[in-house]
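Inspection log for the structure reproduced underneath, given as structure tokens.
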Amino acid sequence: MTKTVAIIGQGLTGVTAGLMLAEHGYDILLVGAKPPLIGGLQLAPNGLEALRTIGLYDAALSGGVRLDNIAITAMNDGRTLAEIPHPQNRVYIGIGRADLYQAVEAKLAGKKNIKRMASPAISIMRASDKMELVLEDGQTLYVDEIIGADGVNGLCRSFVCGAQLKAKTAPYYAMRSEIEARALPRLFSRTQTQLILGDGCHFVSYPIAGQKRINAVFCASPEKLGPEWQAQLFAPHPILKYVADASAQWVKLPLFANSLPASWRRMQVTLIGDAAHIMPPHLAQGAGQSFEDIAYLKTQLQEKPLSDALHSMSILRASQLKSTTNKASLTGQVMRLSGLPAQLRDSLLGLSGAHLLENWLADVWQANS
Ligand SMILES: Cc1cc2nc3c(=O)[nH]c(=O)nc-3n(C[C@H](O)[C@H](O)[C@H](O)COP(=O)(O)OP(=O)(O)OC[C@H]3O[C@@H](n4cnc5c(N)ncnc54)[C@H](O)[C@@H]3O)c2cc1C
């Protein structure tokens, strides 16, 4: 009999996992509301190769903007610290979250073995050989497997790991905005990632949506993000002043310290995406790694039944992710430096930044799938 899989969470991980499993012939229940999709994602070769395995590579490339390099400058004096070029054989893109989500939804449309339910899940329990899932609207579902794609503080992480592994908020925030490119000087539309390193803060931008929109993220501690933060931090800067002038709408997001449970599976509940691996966004890897989870699961399904494939995915990916989550965390600590340590960081980057960063990122960007 066809197995039924409930996927909790309709973020990018949930819908992509749902698509892959539906294409494998399982009956899929996608549970939860569609999230707001603001801003963009950078996808490096590892994430893009995972999307190729899943069958979404062409859609990602056509919806994304290919980026040529990462340009790192100092916020205090604007000097170039390093430039990491992406050679022709390293495809690296910026893509709007909404554009990628839409590409997945276009493939979901018309699939008869997918049912979408907007009500959130409120409880999970074992019921004989099935899992019982109760939704907020009162429905009770009995399914063979549950995939927890419900993010950093979801029900599934609590079910699998216990409450003690709930995400801890890092003392740092990201302000995210999506700005019309025509409201900014053309340098923001260049096909590059701009990283501006400051004193206890940093700014990242890159173009998305055919260079018509700019994804902008500013990370800083809560003390720096007072009511006048744009006027105080952006207005005096020769480039960031244009972002302040663009009257952008900013969404404040808490950033979480990395947390990687040793086990991603309990009973028939398996974590995937951010629910499984919490990491700060400083390597731009969260979604890319989620696509790697799904791609690995797909390869396992070619040789194993579903429960064994989920079990293998949860073990192998947990061990693969250790180095990446640690690196994301360390990168964040370096980006957050202030005072003299920040000046030393900038000097070191100025001397051999490109070489250092290429080495630091080589294994992260390497495609696994
Ligand atoms: C500032 C910032 C920049 C980033 N930049 C990048 C980048 O450049 N590249 C990259 O690869 N990654 C990046 N990331 C990481 C990336 O955004 C995440 O890894 C990715 O969005 C995770 O998707 P997800 O679907 O696993 O989780 P989420 O997007 O958190 O989705 C989880 C979903 O589950 C839903 N949910 C929760 N509980 C329930 C419930 N009980 N029932 C039903 N639904 C539920 C939530 O409402 C949500 O919709 C960045 C993150 C941040 C914060």
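Heavy-atom basis, side chains included; hydrogens, waters and symmetry copies ignored. We count ligands from 1, going down the list as the structure has it; atoms in each ligand are counted the same way. Everything numeric in this text was worked out from a predicted model, so none of it was measured. Start at 1 with the first residue, then count along the sequence.
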(message) So that I can tick it off, tell me whether Arg157 and Asp150 are bridged by a salt bridge, with the cut-off set at under 4.0 angstrom between side-chain N and carboxylate O.
(response)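 Result for this pair is no, no salt bridge flagged.
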(request) May I ask you to check whether His311 and Trp264 place their ring centers less than 6.0 Å from one another? (result) no
(message) Would you say Tyr206 and Gln192 are linked by a side-chain donor-acceptor pair, where the criterion is simply a distance under 3.5 Å?
(response)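 Short answer, no.
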Under 4.0 Å from a heavy atom of [X]: which atoms of ligand 1 are those, numbered in the order shown and with their elements?
{"X": "Thr13", "answer": "23 (O), 24 (P), 25 (O), 26 (O)"}
{"X": "Ala174", "answer": "1 (C)"}
{"X": "Ile8", "answer": "40 (C), 42 (N), 43 (C)"}
{"X": "Gly32", "answer": "43 (C), 44 (N)"}

(message) Any protein heavy-atom neighbour for atom 46 (C) of ligand 1 (distance below 4.0 angstrom)?
(response) no
(message) For Gly47, state whether at least one heavy atom is located under 4.0 Å from any atom of ligand 1.
(response) no
(request) Could you find the nearest protein heavy atom to atom 39 (C) of ligand 1 and give me its residue, atom name and distance? (result)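 Looking at atom 39 (C) of ligand 1, the protein heavy atom closest to it is Asp150 CB, 3.8 Å.
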(message) Below 3.5 Å, N or O to N or O, backbone or side chain included: is there any such pair between Ser119 and ligand 1?
(response)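 Such a contact does not occur with ligand 1.
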(message) If I apply the N/O under 3.5 Å rule, does Ala284 come out as touching ligand 1?
(response) yes
